[in-house]
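For reference, the structure is listed below as structure tokens.
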Amino acid sequence: MASERQRAPRATPERSPALRRAHRARDLFAYLTLSPTLAVVGLLMAYPLYVAIDLSLRGGQISDLLHLEQNPLTFDNYGDILTDPGLVDDIVRSIVYTLGVVLPAFALGLGLALLLNRAFPGRRIIRPLVLLPWAVPGVVVAAAFSWMLDASYGVVNHLLRSAGIIDDNVAWLVDENTAMFAVILPTIWKYYPFFILVLLAQLQSVPNELYEAARMDGASPARQFAHVTWPAIRPAATLAIVITGIGVFREFDFIYPLTGGGPNEATQTLAIRIYNEAFQFFEMGAAAALGIVTMAICGVLLTAAGRSVRRQFG
């Protein structure tokens, strides 16, 4: 009987009315304290979104947004966009550009993070140097690579000719077959430091005891990475890939200064097409509709990736 009484669950005492009122007052105070910040954040998010949706429903070729808002509401912009076969090509190019940047940038960032996580002479000097590209504005990077990839006097062609890899100069930026690679290359250079920063911070949190135990068990470096390092950094790596992928999918700073979306639309992603619709053809409504479509695509990708991130973080 005594053991049964000990195993019996204890009844949870009910909260007194005074305690419940105290909790409600505390919650109310918290909401009142946060309400100004929530209101400002909500306004900054909701109003631009409302304006973009409203503009996307206005027809007409006009550059004055105030006059555009006077046009009647219509779904013609969405109808024209969704029935345009060029939209699929723009989405495919955006995906190719995103994968072409994120995967190599992640591989490069992971390799350098593993290297910088080791102790070697000069590590304190090298660490800030490899992170430097992340601080350089994208337009400056595009200008530098425009010179490096120039068909006549670019350093890239000079190095490739010196190594015997090519015989004639390659017109990287004006050839449809090489233009996408030419805009991917500087974007990788810009984004790989972000992966180094995230992964290196996560690597430094892995206890050395785990590696010592793995070495005592005879695990090779590859098995140590597979069973110790990667499980420890996988959540941070997944989150970094998602954040970078969404950013690259909407990237504009590198493509437009280098190629303007050409040649023959070979590098025209969704971001470039939005700019062209707005500031070359003055189709502000169509540009806004394309922006909403791009936001919807990013939302779907982010929702799908968010499930993976939540599983990674448990």
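The backbone N or O of Ala142 lies less than 3.5 Å from no partner atom in the side chain of Ser146, so there is not a single donor-acceptor pair. Between the side chain of Thr187 and the backbone N or O of Val183 there is at least one donor-acceptor pair closer than 3.5 Å. Under the 3.5 Å distance criterion, the side-chain polar atoms of Gln224 are matched with a main-chain donor or acceptor of Ala219. Listed for the Thr267 side chain is a donor-acceptor partner under 3.5 Å among the backbone atoms of Gly262. In this structure, Lys190 contributes its side chain and Val136 its backbone to a donor-acceptor pair below 3.5 Å. Using modelled atom types, one side-chain atom of Asp84 and one backbone atom of Gly86 make a donor-acceptor pair closer than 3.5 Å. Asn157 places a side-chain N or O within 3.5 Å of a backbone atom of Val170 that can act as its donor or acceptor partner. Proximity of a side-chain donor or acceptor of Arg250 to a complementary backbone N or O of Leu270 within less than 3.5 Å is not detected.
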With side chain to side chain contact (heavy atoms under 4.5 Å, CB included) as the test, would you mind laying out the steps for Met284 and Phe279 before giving the verdict?
CA-CA 8 Å; Met284 294 295 182; Phe279 300 107; 4.3 Å; yes

* To do: Please lay out, stage by stage, how Phe195 and Leu112 fare under the test side chain to side chain contact (heavy atoms under 4.5 Å, CB included).
  => CA-CA 9 Å; Phe195 287 110; Leu112 290 175; over 6 Å; no

Intermediate values then yes/no, side chain to side chain contact (heavy atoms under 4.5 Å, CB included), Phe254 and Ile184:
CA-CA 8 Å; Phe254 299 97; Ile184 286 175; over 6 Å; no

Should Met180 and Thr259 be marked as a side chain to side chain contact (heavy atoms under 4.5 Å, CB included) after you check the CA-CA gap, both sets of side-chain angles, and the distance that decides it?
-> CA-CA 9 Å; Met180 182 60 76; Thr259 64; over 6 Å; no

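Minimum interatomic distance between Ala278 and Ala287 (heavy atoms only, all atoms of both residues): CB-CB, 3.7 Å. The two residues Asn77 and Ala289 make their nearest non-hydrogen contact at CB-CB, 4.0 Å. The two residues Ala179 and Pro263 have their closest heavy-atom pair at CB-CD, 3.5 Å. Of all non-hydrogen atoms in Ala182 and Leu173, the two that sit nearest each other are CB-CD2, 3.5 Å. Nearest approach of Pro133 to Pro193, heavy atoms of both residues: CB-CG, 3.8 Å. Across all their heavy atoms, Arg93 and Ala266 have their closest contact at CD-O, 3.2 Å.
One distance of note links CD1 of Ile255 with CD1 of Ile272; it measures 5.0 Å at 0.5 Å rounding. Rounding to the nearest 0.5 angstrom, the gap separating the CD1 atom in Ile81 from the CG atom in Asp90 is 10.5 Å. Rounding to the nearest 0.5 Å gives a distance of 8.5 Å between CD of Glu265 and CG of Asn276. Atom-to-atom distance recorded for Phe194:CZ and Leu131:CG is 11.5 Å, nearest 0.5 angstrom. Put simply, CD on Gln202 and CZ on Arg234 are 12.0 Å apart, with the number rounded to the nearest 0.5 Å. The CG atom of Leu110 sits 4.5 Å away from the CG atom of Leu114 when rounded to the nearest 0.5 Å.
Residues Tyr192 and Trp134 form no side-chain contact, since every pair of their non-hydrogen atoms from C-beta on lies 4.5 Å or further apart. Side-chain contact between Arg161 and Asp167 is absent, with no heavy-atom pair separated by less than 4.5 Å. Two residues are said to be in side-chain contact when any heavy atoms from C-beta on lie closer than 4.5 Å; Phe145 and Val156 fail this criterion. The closest side-chain heavy-atom distance from Phe252 to Thr269 is not below 4.5 Å. The closest side-chain heavy-atom distance from Val140 to Pro137 is below 4.5 Å. In this structure, Pro186 and Leu258 have side chains that are in contact, with non-hydrogen atoms separated by less than 4.5 Å. In this structure, the side chains of Leu38 and Tyr31 stay at 4.5 Å or more apart for every pair of heavy atoms. Val41 places a side-chain heavy atom less than 4.5 Å from the side chain of Met45.
Counted by atom type alone, Trp172 and Asp150 present zero donor-acceptor pairs between their side chains at under 3.5 Å. One side chain, Glu251 or Tyr191, offers a donor N or O that lies under 3.5 Å from an acceptor on the other. Between the side chains of Gln204 and Asn117, no donor-acceptor pair is found at a separation under 3.5 Å.
Grouping the Ile, Leu, Val, Met, Phe, Trp and Tyr side chains by contacts below 4.5 angstrom, directly or via other members, places Phe120 apart from Ile125. Hydrophobic clustering of Ile, Leu, Val, Met, Phe, Trp and Tyr side chains at less than 4.5 Å, counting indirect connections, keeps Ile166 apart from Val174. The cluster map of Ile, Leu, Val, Met, Phe, Trp and Tyr, joined by side-chain heavy atoms under 4.5 Å apart, puts Val228 and Leu203 in different clusters. One hydrophobic cluster, built from ILVMFWY side chains closer than 4.5 Å, holds both Val88 and Val96. Cluster annotation: Ile196 and Val206 are assigned to distinct hydrophobic clusters (Ile/Leu/Val/Met/Phe/Trp/Tyr, side-chain heavy-atom contacts under 4.5 Å, transitive).
A tilted orientation is assigned to the rings of Phe75 and Tyr78, their planes being inclined by 30° to 60°. The aromatic rings of Phe106 and Trp230 lie perpendicular to each other, with more than 60° between the two planes, well past the 30° mark.
A 6.0 Å sphere centred on CZ of Arg127 holds more than 12 heavy atoms belonging to other residues, nucleotides or ligands. Heavy-atom contacts from other residues, nucleotides or ligands closer than 6.0 Å to CG of Leu73 number more than 12.
Note on Asp54 versus Arg58: salt bridge recorded, some NZ/NE/NH1/NH2 to OD/OE distance being below 4.0 Å.
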